[in-house]
Amino acid sequence: MTNYEAAWLFLELADRVEVAGDNPFKAVAYRKAARLLEGLGEPFAEAWAAGRLRDRPGIGEAIHAKIGELVQTGTISALERLRREIPPGVMDMLTLPGVGPRHARNFWKVLGLEDLTALQEAAEQGRLRTVKGLGPKLELAVLRAIAQRDAAPGRQLLGLALPLARDLRESLARQPAVERVEIAGSIRRRAELVGDVDLVVASEAPEEVSDFFVRMPSFREVTAQGPTRVAVVHQGGLPVDLRLVEPAVFAAAWLHLTGSKEHNVRLRQRAKERGWQLNDYGLTGSGFSLPEEEDLYRALGLPFIPPELREDRGEIEAAEKGELPALVEESDLRGDLHVHSEWSDGTASLRELREAAARLGYEYLAVCDHSRSLAVARGLDAERLRAQRREIEALNAEGHPVYLLAGVEVDILGDGRLDLEDEVLAEMDLVVASLHSGFRQEPERLLARAAAALRHPHVDILAHPTGRLLGHRPPYALDVPALIELAVETGTILEVNATPDRLDLCDLHVRRFVSAGGLVAVNTDAHSTEHLVFREYGVATARRGWCRARQVLNTRSLPDLLAFLAREKGRRFSSA
DNA sequence: GCCGTTTTCGGCCCGACTGTTTTCAGTCG
């Protein structure tokens with residue numbers, strides 16, 4: 001069982017405890033344990049067996065015993081009991097917006113409703129209002145929620161939500177009543193998937209702003225409207241939350257709305273320890289003027305914490321000790337080490353790609369078209385690769401500021417061999433290896449294939465290591481911690497693929513890899529010149545993985561990069 | 001269920017909005 005699966009069981013336990021009506025703080029404790037398991041840097045069973053979980057904050061006697069039960073029996077008896085007690089349809093009710101554990105429990109215990117169909121019928125017949133505290137509005141909300149359940153988009157890619165948020169921000173910024181407007185929430189933290197758009201506006205005339213906002217044509221409905229908060233739904237289905245505050249308290253509101261919830265909880269505890277209260281309006285009782293987030297953090301004895309780190313994954317402890325990493329920035333990138341041209345399935349010529357790279361201020365670009373077995377992508381064989389190299393050499397002879405590297409994205413075949421002979425790979429400036437087939441193989445076989453590539457002396461980079469496509473395809477059943485260990489051992493670069501639906505490696509794996517001494521490459525895998533700007537999402541993922549510039553290969557200058565590749569090749573051959 | 005330079009018991013972050021209510025519970029973030 002993976003840490004992620006264990007964490008998921010504790011989250012389920014928390015939900016069920018709430019519906020069962022047990023002490024709600026139990027649920028809080030289980031969720032905290034789930035977070036810890038998810039972010040644990042080693043398999044939870046090993047950590048438990050070695051007694052390393054006992055002293056972790058939030059793990060007491062009872063939860064420690066439950067984890068032990070999970071290790072030994074594969075399940076948790078308290079969870080099994082609640083699964084028998086609460087019908088599955090009742091848990092489904094929690095997915096309806098506006099229905100939390102109390103409503104679900106009332107529907108079940110008071111009205112005897114055990115699934116969404118029964119709930120829908122009862123709502124249609126007006127029977128929900130027979131429960132004290134429930135009325136006709138809730139019946140309507142329930143019916144609408146059930147009707148829209150399948151039409152709802154769920155969480156959306158950062159790559160879609162961030163541009164939308166920026167558009168909305170620009171529109172608001174042009175309003176005279178708006179003094180300042182910023183993006184907050186999970187988009188500001190650059191989460192890979194986001195559930196809504198959060199915006200904060202500073203204004204002396206909030207009603208003017210909210211009137212303008214609800215009339216914007218890009219929204220399909222207004223779901224809440226009060227003096228300080230407006231909630232709407234964008235035409236694409238993404239909810240948008242607008243918070244309106246006085247300019248003087250903007251920073252506190254921005255901090256609060258940026259979250260994460262868990263990060264905020266820690267900051268508020270910290271304020272409380274100092275005899276103050278931190279809320280959306282500032283630090284009550286502190287007497288400080290706090291115009292910016294930096295000032296709030298400073299008042300709490302901390303340096304500014306970048307939004308990408310605000311997940312309560314150790315950033316507060318690191319900040320306390322002055323050990324926050326100086327995170328890699330977009331401007332640190334000197335090139336892109338994985339792009340495709342019209343030679344395979346890309347749309348741009350080498351010259352066009354080079355111009356686009358120049359516009360980003362790059363020093364180099366590695367052209368890594370597909371290899372021959374990927375026929376759907378018009379993969380290149382040795383002969384076409386050599387022809388492409390001749391074109392690249394001719395272009396490089398022009399003295400252009402962007403140097404092109406002749407690379408290849410070589411397929412790792414089903415049996416672990418590479419799709420091109422060693423003598424061909426030896427000619428390349430850069431070899432990127434990747435899995436494009438056999439996604440559903442057994443974990444052992446997948447790992448063996450990946451391992452063969454990592455150990456191959458000609459392979460420099462493993463591309464999109466887990467193969468996931470956000471919202472479409474789960475990661476391969478690959479033992480990523482083992483893969484990471486081997487990549488560190490062999491000195492192979494792992495890619496942080498910046499394509500918005502890949503972001504692969506993901507943030508947690510990046511953190512694990514770089515903290516173990518690994519180097520990543522933030523690559524766009526661009527198939528057109530427009531895709532080069534996807535680097536923003538790759539850099540965001542690296543930052544969420546606590547990545548410094550020196551841990552990213554393509555922050556190096558061209559001479560340093562070439563020297564590194566040559567040195568690595570020499571080392572690999574002497575150890576092979 | 002966890003936790004302790006206020007505490008081994010009594011707290012646990014805090015506020016906005018909605019709906020159902022004449023003062024608050026539930027949901028959400």
Side-chain angles (χ1 to χ4, degrees), chain A residues 10 13-15 17-19 21-36 53-67 76 78 93-107 128-142 145 184-189 191 194-200 206 210 222-232 239-245 249 252-253 255-284 300 312:
Chain A
F10 273 95
L13 183 58
D15 283 347
V17 157
E18 282 184 328
V19 174
D22 202 345
N23 178 357
F25 289 105
K26 277 192 190 184
V28 174
Y30 292 145
R31 292 199 176 104
K32 188 172 179 186
R35 287 179 48 73
L36 186 131
L53 291 181
R54 189 57 194 87
D55 297 324
R56 302 296 292 262
I59 305 293
E61 208 174 315
I63 290 183
H64 192 256
K66 285 184 168 62
I67 296 172
I76 304 168
M93 296 175 187
L94 295 180
T95 64
L96 303 175
V99 177
R102 301 297 306 182
H103 286 337
R105 181 174 174 77
N106 275 332
F107 297 155
L128 302 190
R129 67 187 78 177
T130 60
V131 181
K132 183 174 158 52
L134 309 188
K137 288 282 182 66
L138 183 67
E139 288 167 351
L140 270 175
V142 161
S186 51
I187 297 181
R188 185 173 177 223
R189 300 198 313 276
V194 302
D196 69 351
V197 176
D198 289 292
L199 297 163
V200 195
S210 95
V222 178
T223 46
Q225 191 170 10
T228 69
R229 188 182 158 240
V230 184
V232 300
V240 181
D241 247 43
L242 177 68
R243 183 68 192 275
L244 300 146
V245 298
V249 301
L255 179 76
H256 168 73
L257 266 297
T258 297
S260 67
K261 190 171 182 288
E262 292 78 9
H263 181 83
N264 287 349
V265 168
R266 294 291 306 275
L267 293 183
R268 286 169 183 195
Q269 284 168 344
R270 217 177 154 82
K272 209 165 177 175
E273 286 162 15
R274 288 163 168 70
W276 309 322
Q277 193 190 39
L278 176 63
N279 57 28
D280 320 16
Y281 301 103
L283 265 178
T284 311
L300 294 172
D312 191 22

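All values derive from a computational prediction rather than experimental measurement. So that the names make sense, note that chain A is the first sequence line, chain B the second, and so on, each numbered from 1.
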Within the 4.0 Å heavy-atom criterion, would you say [X] contacts the bases, only the backbone, or no part of the nucleic acid?
X	result
V28(A)	nothing
D196(A)	nothing
H103(A)	sugar-phosphate
L257(A)	nothing
L134(A)	sugar-phosphate
N279(A)	sugar-phosphate
K132(A)	nothing
L128(A)	nothing

Original post:
More than 12 heavy atoms of other residues, nucleotides or ligands under 6.0 Å from CZ of R102(A): is that the case?
Top reply: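 No, because the 6.0 Å sphere around CZ of R102(A) holds 12 heavy atoms or fewer from other groups.
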Subject >> Those residues that, when tested against N279(A), pass side chain to side chain contact (heavy atoms under 4.5 Å, CB included) (two or more places apart) >> reply: Q277(A), Y281(A), T284(A)
Original post:
Is R243(A) paired with D198(A) through a side-chain N to carboxylate O contact shorter than 4.0 Å?
Top reply: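 Looking at R243(A) together with D198(A), the answer is no, because their closest N to O distance does not fall below 4.0 Å.
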Counting distance only, does the side-chain N/O of [X] pair as donor-acceptor with the main-chain N or O of [Y] below 3.5 Å?
X	Y	answer
R35(A)	E262(A)	no
R54(A)	I59(A)	yes
R270(A)	L300(A)	yes
R105(A)	V19(A)	yes

Please measure how far the [atom1] atom in [N] lies from the corresponding atom in [M], and state the result in whole Å.
N	M	atom1	result
dT8(B)	dC3(B)	P	16 Å
dT20(B)	dC28(B)	P	15 Å
dC12(B)	dT7(B)	P	16 Å
dG26(B)	dT22(B)	P	14 Å
dT18(B)	dG1(B)	C1'	31 Å
dA16(B)	dG11(B)	P	24 Å

Subject >> Min side-chain heavy-atom separation Q269(A)-R266(A) under 4.5 Å >> reply: yes
Original post:
Considering heavy-atom distances to DNA chain B, does Q269(A) or T223(A) have its closest nucleotide positioned more toward the 5' end?
Top reply: Q269(A)
**OP:** Could you pick out which residue, K137(A) or R102(A), lies toward the 5' side of DNA chain B when each is mapped onto its nearest nucleotide?
**Re:**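 Nearer the 5' end of the strand: K137(A).
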Original post:
Can dT7(B) be described as syn, meaning its chi torsion is within 90° of 0, or is it anti?
Top reply: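 Here the answer is syn: the torsion falls within 90° of 0.
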**OP:** For dT8(B), give its Watson-Crick or G-U wobble partner with both distances under 3.5 Å, or none.
**Re:** none
**OP:** Provide the start and end nucleotides, 5' to 3', of the part of DNA chain B that has atoms under 4.0 Å from heavy atoms of chain A.
**Re:** dG1(B) to dG29(B)
